[in-house]
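Following: one structure in structure tokens, then a few remarks.
Per chain, numbering begins at 1; letters A, B, ... match sequence-line order.
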2 protein chains.
Amino acid sequence: MISRDQTAKRVAAFQAVCRIHGVKATHQRMEILRELAGTEEHPDVETIYERVRRRIPAISLDTVYRTLRLLEEKGVIRRVGSIKDRTRFDANTERHHHFVCAQCGMIGDFTSDVLDRFPVPREAAQMGSVDGVYVELRGRCRKCQMEAKKPEKR
Amino acid sequence: MISRDQTAKRVAAFQAVCRIHGVKATHQRMEILRELAGTEEHPDVETIYERVRRRIPAISLDTVYRTLRLLEEKGVIRRVGSIKDRTRFDANTERHHHFVCAQCGMIGDFTSDVLDRFPVPREAAQMGSVDGVYVELRGRCRKCQMEAKKPEKR
DNA sequence: ATCCATCCAGTAATGATTACTATTTAATAA
DNA sequence: TTATTAAATAGTAATCATTACTGGATGGAT
Ligand SMILES: [Mn+2]
Ligand SMILES: [Mn+2]
Ligand SMILES: [Zn+2]
Ligand SMILES: [Zn+2]
């Protein structure tokens, strides 16, 4: 869980972005961001939709998709998790990387000085200009490891 | 372009895998792998389909999807390129990483001792067991940089 | 309080991927 | 070589996430 303060700060930051970009700070947008900014679990669209619906029952799925695209476009959130079918989101735009469980999809944050200082190899630099580094550690989370050990259940 | 020898070697390796796993080494499967093993451009399904169709006009798109899934499952190929909609494939299973052009989708290979020796941070190790590291440099390729500079043309 | 460009809800459309099924084929042995 | 048969394919339908469309609603500037 993210602190209420931190969440509020992110929502306020987006309201400022709205003013600057001449975009309306609607109830729906704030609730969607508040939902994403208040969790560390990197939820997918469907999950965000279900949760926001508890507060705005009539909200449409398209609004969630549209808003998340807007937020990403404005640099307020990022999308994470490759390969898999469903896109997942992250309101934490600080520099950090992810551990992804190949089994259950759990995504956890970690930081790394080595990666942050990673010098772009000449070989890569020759291909073009590098804007960012996307790193993902793939494996099996603790919970899934435990479950694999238990031969009972079933 | 990959050398004919190298391509043939990969196809032969897959035939061995088929024998071991009791899977049929069909004409379609060999041609699909041959197509992927013969290029460095990390093509998507549609591209592979179009190209294989030149040699097997009646091949179905589903067969291409099914075969690529099989090849990946057997560890003969990998899928690369995150976020984006269309999945792209790579027959090169040697340890290497990718540069991805955010504009045109061009994908290039590079190697890195630093990344290969990358020690998994404790923070990440605590989340579970790590099987692999996926690294992607994102930026703008030379070609797209050039085109952005030319204000003429439209 | 009014006005209007922007936004939203509801729903249809799209596009990639997967599933289904009748027919064909690779592999094995007679 | 031919017969046998489980597995694979072609053709097509279905699915599922995401995006587009449209008439009605609303934020926010005046
Ligand atoms: Mn994160
Ligand atoms: Mn590659
Ligand atoms: Zn897990
Ligand atoms: Zn490019």
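Here chain B contacts DNA chain C (any atom closer than 4.0 Å to a heavy atom, that is under 4.0 Å), and the contacts span C:dA16 to C:dA27 from 5' to 3'. Put simply, chain B comes within 4.0 Å of DNA chain D, heavy atom to any atom, from D:dA6 to D:dT12, going 5' to 3'.
B:Arg69 pairs by the side-chain hydrogen bond (donor to acceptor under 3.5 Å, both in side chains) definition with nothing, not counting sequence neighbours. Not counting sequence neighbours, the partners of B:Arg53 by the salt bridge (charged side-chain N to carboxylate O under 4.0 Å, His left out) test are B:Glu50. Residues meeting the side-chain hydrogen bond (donor to acceptor under 3.5 Å, both in side chains) test with A:Thr26, sequence neighbours left out: none. Among residues two or more places apart in sequence or in another chain, the side-chain hydrogen bond (donor to acceptor under 3.5 Å, both in side chains) test is passed with A:Arg66 by A:Asp62, A:Thr63. The side-chain hydrogen bond (donor to acceptor under 3.5 Å, both in side chains) search around A:Arg29 returns none, not counting sequence neighbours.
For the pair A:Lys24 and A:Arg79, both in contact range of DNA chain D, the more 5′-proximal nearest nucleotide belongs to A:Arg79. In terms of position on DNA chain C, the residue among A:Ala58 and B:Val23 whose nearest nucleotide sits closer to the 5' end is A:Ala58. Residue whose closest nucleotide on DNA chain C sits further toward the 5' end, between A:Gly22 and B:Ala25: A:Gly22.
Helix bend of the helix from C:dA1-D:dT30 to C:dA30-D:dT1: the angle between its two end axes, each built from five pairs, comes to 40° after rounding to 10°.
A donor-acceptor pair is defined here as one N or O able to donate and one able to accept, closer than 3.5 Å; such a pair exists between the side chain of B:Arg88 and the backbone of B:Gly105. Judged purely by atom type and a 3.5 angstrom limit, B:Arg78 uses its side chain to pair as donor or acceptor with the backbone of B:Thr93.
Listed by residue number, the members of residues 62-71 of chain A with any heavy atom below 4.0 angstrom from DNA chain C are A:Asp62, A:Thr63, A:Arg66. Of the residues in residues 26-56 of chain A, those lying under 4.0 Å from DNA chain C by heavy-atom distance are A:Thr26, A:Gln28, A:Arg29.
Hydrophobic clustering of Ile, Leu, Val, Met, Phe, Trp and Tyr side chains at less than 4.5 Å, counting indirect connections, unites A:Met30 with A:Val45. In this structure, B:Val11 is not a member of the same hydrophobic cluster as B:Ile2, with clusters built from ILVMFWY side-chain heavy atoms closer than 4.5 Å. The hydrophobic cluster containing B:Val80 does not contain B:Leu68, counting ILVMFWY residues as joined when their side-chain heavy atoms lie under 4.5 angstrom apart, directly or transitively. A chain of hydrophobic side-chain contacts below 4.5 Å, direct or via other Ile, Leu, Val, Met, Phe, Trp or Tyr residues, connects A:Val76 to A:Ile48.
A side chain to side chain donor-acceptor pair (under 3.5 Å) check over residues 118-133 of chain A, counting only residues at least two apart or in different chains, returns the pairs A:Glu123-B:Thr111, A:Ser129-B:Gln145. Annotation: ring pair (Phe, Tyr, Trp, His ring centres under 6.0 Å) contacts involving residues 118-147 of chain A, sequence neighbours excluded, are absent.
Salt-bridge check for A:Arg51 with A:Glu41: passed, with a basic side-chain N closer than 4.0 Å to an acidic carboxylate O.
Between the side chains of A:His42 and A:Asp109, at least one donor N or O lies within less than 3.5 Å of an accepting N or O.
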